[in-house]
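Everything on this sheet refers to the single structure shown next.
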Amino acid sequence: MKKAIYLFVLVLFFVQVNFSQNITKQSYEKAREVLDKAVAAYGGLENLRGIQNFTLRAVGETVQRNQSRKTFTADRTAYQIDVTVDMKNNRFVQIVKGGYPGGFSYHNGFAVDKTDGVTFDLVRNTFVVRPNIQAAAIRFRQRWIPQYWVLNAVERASRLRYAGKTEFDRRPHHAVSYANEDGAENTLYFDEKTGLLSKFEGLGSDRFFGDSVFEMIYPAYRTENGQPIPTGRISKINDELTEELRFEQLAFNTSLTDDKFKVPGGMKEVTFPAPQPFNKISETVYTVNAGGYNVLAVGFKDYVFVMEAPGGDQISRQAIEQIKKIFPDKPIRYIAVTHHHDDHAGGLRTYIAEGATVIAAPGEKTFFERIVKSKFTIEPDPLALNPKELKIETIQNGRRVLTDGTTTVEILDIGAGPHAEEMLVAYLPNEKMIFQGDLLNRPPNGDFPIANDTTVHFAKWIETKKLAVEKIIPVHGPVTTIDELRTAVKAKETAQK
Ligand SMILES: [Zn+2]
């Protein structure tokens, strides 16, 4: 018995000696050991510091996590990015080609020289000058390559911590974490055997599902000119794929000309006017600008109906503030969204916190239930701070009418189209107007809309329903007339012939 106590005291003594070393320093030293091995695996510190520029072509697919035709499914669309980052001269250029389900495609560029930026649209051949670009924009692009992560962690050594040993992709890994210049904490997973970076991840808040892990994975490497080159990059949010790319080209320190960082020749400069805070359509019907999106607000006798909750909580709060200025004494009783995509419903939780009942298509109910139940502890939004049950009324037989005798809104489901399986629009018969999302988009400067498969489907639906429509109000872009819609559809049909 006495012997046992003696032994216990002895053990305690040694444990204490161990801990007096300081756990922060210990953690750093362990992380440093892992990182030093990684530095060696990438050819040494001199080699890493010698990377003055890189040119990358990544090709693959976007997995449409919150932009698919149906809730809880993942449609895929082709994606390609060409990016050149010139760290030495503090500039970059990228050209991206991608799309969304329903015939949406984009092909655009972004070039930045120090703080002077320019975005360009290779479909319309236009460009917009963007001054005051933050340094974070170039850092964000540097993060394409694992070599940057290793160097960045070395240069921010006091933030380095050892996170633990773990299995990843069935191989043992050491994980270290550090905080980058943007204040984001990242965990880097290094393969125990090769010392190479297999993935980096961070915690953040997703506008639909709250507390989330964001992962970027380098699935494999090949060696080129003695350098380990990742074969691609996979992105995941909460273990759900969001992007799968292979690196078709990655070259370091190529000779770069100034022209590469300029707008391609023959493009027209356009300016995007600052949006008005709101647009009055009639005494009771308004659209409100929320982060560049149009939100419909209709004041009935006793309450306000809002359609569309784009973006996220911040944009919703901005919209609600404006709506309350327009209709000071009326509660927002109903919120509807055109469809479940995050740029249309991402701010829904804020309206639910406000006490609004959601009017939705039947297939979206389960999705919205999950959004309301999600945990938001990292960035608590108004619903996290003031939890409320979801009040939801689904549309029956494709139609729901709100009216006080004077003002009328018909919420109509246009049915399965190329962009979404269920799609609501607001038809205002007195105003001869339709408010819609993604069925017809238009650039903010009012350049003519370009019709796609989704636009054609929508135009046909209006004709079939024989609705008296003069004006179409897009969530994305300025007011469009029915004649402009018809002209855009005709232009597409002519181009196809
Ligand atoms: Zn959409």
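Atoms within a ligand are numbered from 1 in the order they appear, just like the ligands themselves. Quick note: numbers below take in every heavy atom, side chains included, and nothing from hydrogens, waters or symmetry partners.
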Worksheet item: Within 45° of the six-membered ring axis of F247 and under 6.0 Å from that ring's centre, is NZ or CZ of R233 located there?
Response: no

Discussion item. Just checking Q496: does its CD atom have more than 12 heavy atoms from other residues, nucleotides or ligands closer to it than 6.0 angstrom?
Written reply: yes

Item to complete: Any pair with a residue in residues 126-147 that passes ring-ring contact (aromatic ring centres under 6.0 Å, His included), sequence neighbours left out, goes on the list, sorted by first then second residue, please.
Response: none

Item to complete: Measure the OG1-NZ distance between T55 and K260 for me, rounded to the nearest 0.5 Å.
Response: 5.5 Å

Worksheet item: Under the 6.0 Å and 45° cation-pi test, does R400 pair with Y334?
Response: yes

Worksheet item: Should the pair H339 and H419 be assigned to parallel (<30°), tilted (30 to 60°) or perpendicular (>60°) ring geometry?
Response: perpendicular

Practice prompt. Using 2.8 Å as the cut-off, note every protein N, O or S atom close to the Zn ion (ligand 1).
Written response: H339 NE2, H341 ND1, H419 NE2, D438 OD2

